Amino acid sequence: MTTVVFTEKNKAAAQISTILSGGSAKRSIVDGVSVYEFQRDGSLWKIMGLAGHIMGYDYPEEFSNWRDVDPAALLDTDPVKKINKASFGSAILKISKGADLLVLACDFDREGENIGFEAKSIAEKVCNSTVKRARFSSLSKSEIEKAFNELVEPDENMAMSAEARQILDLKMGASFTRFVTLSVRERARTKGVLSIGPCQTPTCGFVYERELAIRKFDSRDFWKIEGVFTGKGADITGVHRGGHIYDKEKADVIFKKLKGCKTAVISKKTVKEMNTNPPFPLNTNEFLKRASKFLDVSPDKALEIAEQLYLSGFTSYPRTETNMYADDMDFASILKGFTKGDYQDFALLLLSQKAIVPRNGKKDGHDHPPIHPIKAGSRMEIERAVKMPRAWDVYDLIVRHFIANLLPPAIFEKTRFEITMEGELFDSTGSIQKNAGWLAVYPFEKPQDKILPELDLNEILAVKKITNIKSQTTPPKRLTEAELLTLMDKHGIGTKATAPSHIETNKKRGYFEVKGKTIAILDTGFTLMDALNSSVPILVKPDIRSSIESLIQDVEDGNKKFELALEEGTSLIKEMYSQLLSNRDLMVTRIAGTITDEAVEADKKNHVGKCSECERVLRIVSTDKGRFVGCTGYPQCKNTFPLPKTGALAVQRSRTCKKGGAAVLKVGSKYFWAVGIGPCFSCDMEKECYPPEIVGACPACDGQTFLITTKDSRFLGCTKRCGHTQSVPKNGRLTITDKVCEGCGWRLLRVKEQGKDAKEYCANRKCEVAAQMRSSYRKK
DNA sequence: GCAAGGTC
């Protein structure tokens, strides 16, 4: 009798083998894959760990050429399933030959069921055995033994629901991505692919919605009345209970009434002790959010580091939905590892207690325990094991979070004064940390103490100052990665293992970027979302995922046949496709325009600025016939400006034209040119934009001489334009030094010609010292 | 070259 078991990953195979064999299992390698063999109940057992999905869907070969296939045809074609990890395929065939019993023992969820069926479909080519399912929510001894003693039937509906998801996701993703990419390419050169997907698109949609809210935001003025009061020699600030007062007159009335008041009274005083509970244990999503928020480590990197920490045995499995510990979780033996080093005080404290009780959350994904440390490691050990920047910080966060969760709440004393003045109420609150509790080990969240003076009820206060401050409401802030993850989680976009990858996809596609901690949408992303939003609004919202999800849930529950779900899902996608198709022209024009504009903006050399006539951008256009500044909106927008015919052009990003020119260009090394206005030396604003480089007092009037540089000459002129000019050397680099002529007080000029020594001299023709210098120079 | 889902 031979029993063959498939698990989702090698780790589980090893663990289960140890439990079921009592430690006697022997590992062998079949086609590079580990297989654990042992005898149990008179049967030969072979347990093999897969690597997640080993099969995947793709379109048949003849559909792989984008140009030859109408993207719509993909909707009427069923993709085919293929083994994409060949070594697993052949290993399964080898170990399954002649098996009497197949046990599917993958993770207890939809994808796990499906992965088990992948192995089953391969194994059944070489054996005709009974197939059973082992269901367990953790790899603990008791649970594994129970699962294998009470094998159940595999759940085909559950497996097929994942199958439907795969097919529908691919159909939609492939057809929409090809359609949008190819359509836009007719008008603009895209950098890569413009992809659309049931997870990535709504993820970008969240960022887009926030951007819309920011752009649409209308700032409102409000007034806030604040008072500074003095009691027992200390100052205390109170805010008028009206808070933000949007009506100026109303604020004025209150302010007028209070102005000049000398005293106020404490009309109420409350002191309350408040507890702040420790955080729930870490599931993947919470871990990623905290890594981003506290450590500034991106979700993508954080998951990768956690994976490495897990593989090197320092922390537990990082992909879990569960935020509560099992009853038999052994905290003490983990804490024993931490009785030396950074966390020793907390570990010792906890170990000295009679019981160690976590503050559990309520999510049980029946998968893995919350992320927690497995063994203690020093910074050096962690850095040696995980060669990634920030590995230690991530480990430290996991350890601190683990300990914090076990510690008592932090206790604060919150004091609130109500201050009455002329019948108007002011509030002043403060809080003092009485007991740090879990916060002591968790430096990431430090509430700041605000200490109020010890004042009594009915105490009379002197009014030090009353202010009526005008302020403005501020637009919503951009999303942080942590907030985006929260939104995705809330709307069921992606899973614990894939959420970071959807964010990464959007970055890779150039739809949004992460700037510091916030996510900024890029023009391509915004325009794409905007176009989709106006043609297929469901795509930009989480609804697309949930409508597919409810279809496949019906399959899982046995309420809908797999084929019917596929059919309904496909027609849903077709409906969206036709909406997209009917808006094709508008969409393409807008996206292609934006892509062109983004490319122009990225072309630092030729990008001039925003077009004053339309929404597009101005750039330097060079043709055989000459050059000019033109708009990317041409031919709809005919906004153009002439440029000087010769001389290298350089856009001066740091300068702005005070007359409203689109940009200031530097022409060669000679002069500036304001786009739309012309050469700066002919502009009456020149002095403001480029303050004259004063050389000295004008010999002809009470003005000052300064250096004028034009296209083809340079000379000294007068700030009062009295007509006095003086020539300066034509060749060489000319600078005005800080040295001053003893004779006339003019600043000395310095001329440096290539291959010659630099020469410093006074340029004033009326200066005697200068004249002497010139004659002595000639004599030489 | 398209998706999303597993895991190494």
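Each chain gets a letter, A, B and so on, in the order the sequences are listed, and its residues count up from 1. Not measured: the values here are computed from a predicted model.
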Q. B:dG5, B:dC2, B:dT7: which one has an atom nearest the side-chain heavy atoms of A:Val193?
A. B:dC2

(Q) Here's one to test your reading of the geometry: is the NZ or CZ of A:Lys363 within 45 degrees of the ring axis of A:Phe280 and under 6.0 Å from its centre? (A) no

**Q.** Shortest non-hydrogen separation from A:Tyr325 to A:Ile371 and the atoms involved
**A.** OH-O, 4.4 Å

**Q.** Gap between atoms CG and P, on A:Leu194 and B:dG1 respectively (whole Å)
**A.** 17 Å

Q. Can you name the ring-ring contact (aromatic ring centres under 6.0 Å, His included) partners of A:Phe136, sequence neighbours left out?
A. none

Q | Within residues 47-84 of chain A, residues whose heavy atoms come under 4.0 Å of DNA chain B | A | A:Ala51, A:Gly52, A:His53, A:Tyr57, A:Asp58, A:Trp66

(Q) Does B:dC8 have OP1 or OP2 under 4.0 Å away from a side-chain N or O of A:Arg319? (A) no

**Q.** Which residue lies more 5' along DNA chain B, comparing A:Arg545 with A:Leu311 via nearest heavy atoms
**A.** A:Arg545

Q) Rounded to the Å, how far apart are A:His502 NE2 and B:dA4 P? A) 5 Å

Q) Can a side chain N or O of A:Ser195 be found less than 4.0 Å away from OP1 or OP2 on B:dA3? A) yes

Q. OP1, OP2 of B:dA3 versus side-chain N and O of A:Gln166: anything below 4.0 Å?
A. no

**Q.** Between P of B:dA4 and CD1 of A:Ile544, the distance in whole Å
**A.** 11 Å

(Q) What residues from residues 111-120 of chain A pass a heavy-atom cutoff of under 4.0 Å to DNA chain B? (A) A:Glu111

Q: Would you mind reading off the distance between A:Leu309 atom CG and B:dT7 atom C1', rounded to a whole angstrom?
A: 17 Å

(Q) Of the listed nucleotides (B:dA4, B:dC2, B:dT7), which one gets closest to any side-chain atom of A:Lys9? (A) B:dT7

Q. What is the minimum heavy-atom distance between A:Ile544 and A:Leu539, and which atoms define it?
A. CG2-O, 3.8 Å

Q: Whole angstrom is fine here: how far is it from CG in A:Asp107 over to P in B:dG5?
A: 15 Å

Q.
Heavy atoms from C-beta onward define the side chain here; which of B:dC2, B:dC8, B:dA3 lies closest to that of A:Phe88?
A. B:dC8

Q.
Which label fits A:Tyr395 and A:Phe314: parallel for a plane angle under 30°, tilted from 30 to 60°, or perpendicular past 60°?
A. perpendicular

Q. Can you tell me how far P of B:dG5 sits from CG of A:Leu303, to the nearest Å?
A. 13 Å

Q.
Using a 4.0 Å heavy-atom cut-off, does A:Tyr317 contact any base of the nucleic acid, only the sugar-phosphate backbone, or nothing at all?
A. sugar-phosphate

(Q) What's the closest nucleotide to the side chain of A:Tyr310 if the choices are B:dG5, B:dC8, B:dC2? (A) B:dC8

Q. Is the number of heavy atoms from other residues, nucleotides or ligands under 6.0 Å of A:Lys82 NZ greater than 12?
A. yes

**Q.** Spacing of A:Ser547 atom OG and A:Leu572 atom CG [to the nearest 0.5 Å]
**A.** 4.5 Å

Q) Counting only heavy atoms not in A:Lys387, do more than 12 fall under 6.0 Å of its NZ? A) yes

Q. A:Arg178 CZ to B:dA3 P: how many Å, rounded?
A. 11 Å

Q: For A:Pro299 and A:Leu288, work out which heavy atoms get closest and say how close.
A: O-CD2, 3.4 Å

Q: Would you indicate, yes or no, if B:dA4 has its OP1 or OP2 atom less than 4.0 angstrom from a side-chain nitrogen or oxygen of A:Thr498?
A: no

Q | Between C1' of B:dG5 and CD1 of A:Ile548, the distance in whole Å | A | 14 Å

**Q.** Heavy atoms of other groups near A:Glu61 CD, more than 12 under 6.0 Å
**A.** no

Q. So which nucleotide from B:dG5, B:dG1, B:dT7 ends up closest to the side chain of A:Cys199?
A. B:dG5

